[in-house]
Amino acid sequence: MKFRRQYLYFVTQNRYQSKMEVSISGLRKQCKNKDEAFLEKDLASKEPIGQFKAWYDEVCAAKQVLFPGAMCLATVSREGFPSARYVICTSFSKDGFKFFTDYSSRKSKEMDTNPNVAATFYWAACDRSIRIEGHAEKLPDEESTEAFKSRPLDVQAAVWASSQSIPIESKSLLGERQNELREKFLAEKEVPKPNYWGGYIIRPSAVEFWQAQSNRLSDRIRFRRPEHGEIPDGKLLHAGEDGWVYERLSP
Ligand SMILES: Cc1cc2nc3c(=O)[nH]c(=O)nc-3n(C[C@H](O)[C@H](O)[C@H](O)COP(=O)(O)O)c2cc1C
């Protein structure tokens, strides 16, 4: 397998030199086989948060994913242009998925004008991905303050030193500012939370669980809220718990 990957890399590098196009499609690892399918009977819960927890526990047990809480968060600008970046989901519950950021960043400005967001986890070690759609709400300031206070001093000083997403002249200026602030806060023995920093919760309206299959007939089971008056028929649409319904989607 290692030799094959090296060979493919060699081939793609050569193509790169001649065509200026790097093909990386051959660098695909073996996925789960069809005996390891994700079927309706395998659902750990009939609502998405219980199911999320079951998969999250499994990926943590696999110990091969450095940041299992990393999710790619997509927001949309007022003009309708999407943008995506990773954030760390710090907790989840039946209320939703929480993360922390700078309220003056690009993502926050976009969520201010359009709270509809999407987020995706990808756990290659388990051949799994989870897609979330919902709307983002700011967390109460007390909760953000508590989260800020639990961070190490260096992280707190970095938050104070940086205005996220603003162009800067050089990195050294940031480092100097962080050092000055660390010294100041050490002397004052207290680090207040800046009012431009805090958390969001994504309240989900749909959560899809995707698991790869080596035959490409990947499994997709989506939980969503039912449309007005929609009744599960037990074939295409199944009754879940806590007001959710779920359905299998074509890969
Ligand atoms: C794995 C990973 C985790 C990250 N976690 C966060 C986070 O929790 N909060 C955050 O504001 N930025 C986080 N970042 C940085 C963001 O991806 C991004 O650079 C930053 O939030 C600015 O995005 P924006 O300009 O679109 O608002 C993380 C990046 C990576 C790669």
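Atoms considered below: every heavy atom in the structure, side chains included; atoms not considered: hydrogens, waters and symmetry mates. For ligands, and for the atoms within them, numbers begin at 1 and follow the listed sequence. Being a predicted model, the structure only gives us computed values, none of them experimental.
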What is the nearest protein non-hydrogen atom to atom 11 (O) of ligand 1, stated with its residue, atom name and distance? T101 OG1, 2.6 Å
Passing option when F100 is tested against W197, Y196, Y200 for ring pair (Phe, Tyr, Trp, His ring centres under 6.0 Å): W197
Scan residues 166-175 for pairs that pass side-chain hydrogen bond (donor to acceptor under 3.5 Å, both in side chains), counting only residues two or more places apart or in two chains. S170-S172
To the nearest 0.1 Å, how far is atom 6 (C) of ligand 1 from its closest protein heavy atom, and which atom is that? V87 CA, 3.5 Å
Who gets closest to atom 22 (C) of ligand 1 by heavy atom: K107, R106, K109, M71? K107
Quick one: nearest non-hydrogen protein atom to atom 26 (O) of ligand 1, plus distance? R85 NE, 2.7 Å
Hey, is atom 19 (O) of ligand 1 under 4.0 Å from any protein heavy atom? no
Near F100 (heavy-atom distance under 4.0 Å), the atoms of ligand 1 are 7 (C), 8 (O), 9 (N), 10 (C), 11 (O)
Evaluate the ring planes of F52 and F121, with Trp represented by its six-membered ring, and classify them as parallel (under 30°), tilted (30 to 60°) or perpendicular (over 60°). perpendicular
State whether the shortest distance between N or O atoms of Y86 and N or O atoms of ligand 1 falls below 3.5 angstrom. yes
Which residue and non-hydrogen atom of the protein lie closest to atom 12 (N) of ligand 1, and at what distance in Å? Q164 NE2, 3.7 Å
Do other residues, nucleotides or ligands put more than 12 heavy atoms under 6.0 Å from the NZ atom of K46? no
In ligand 1, the atoms that come under 4.0 Å of a heavy atom of S165 are 22 (C), 24 (P), 25 (O), 27 (O)
Is the ring pair F185/W160 parallel, tilted or perpendicular, if the boundaries are 30 and 60 degrees? tilted
Before signing off on this row, confirm whether I88 and ligand 1 have an N or O atom pair separated by under 3.5 Å. yes
For residues 57-67, tabulate all N or O donor-acceptor pairs below 3.5 Å that involve a side-chain atom, not counting sequence neighbours.
{"unit_1": "D57", "atom_1": "OD2", "unit_2": "K53", "atom_2": "NZ", "d": "2.7"}
{"unit_1": "E58", "atom_1": "OE1", "unit_2": "R128", "atom_2": "NH1", "d": "2.9"}

Would the F99 and Y86 ring centres measure less than 6.0 Å apart? no
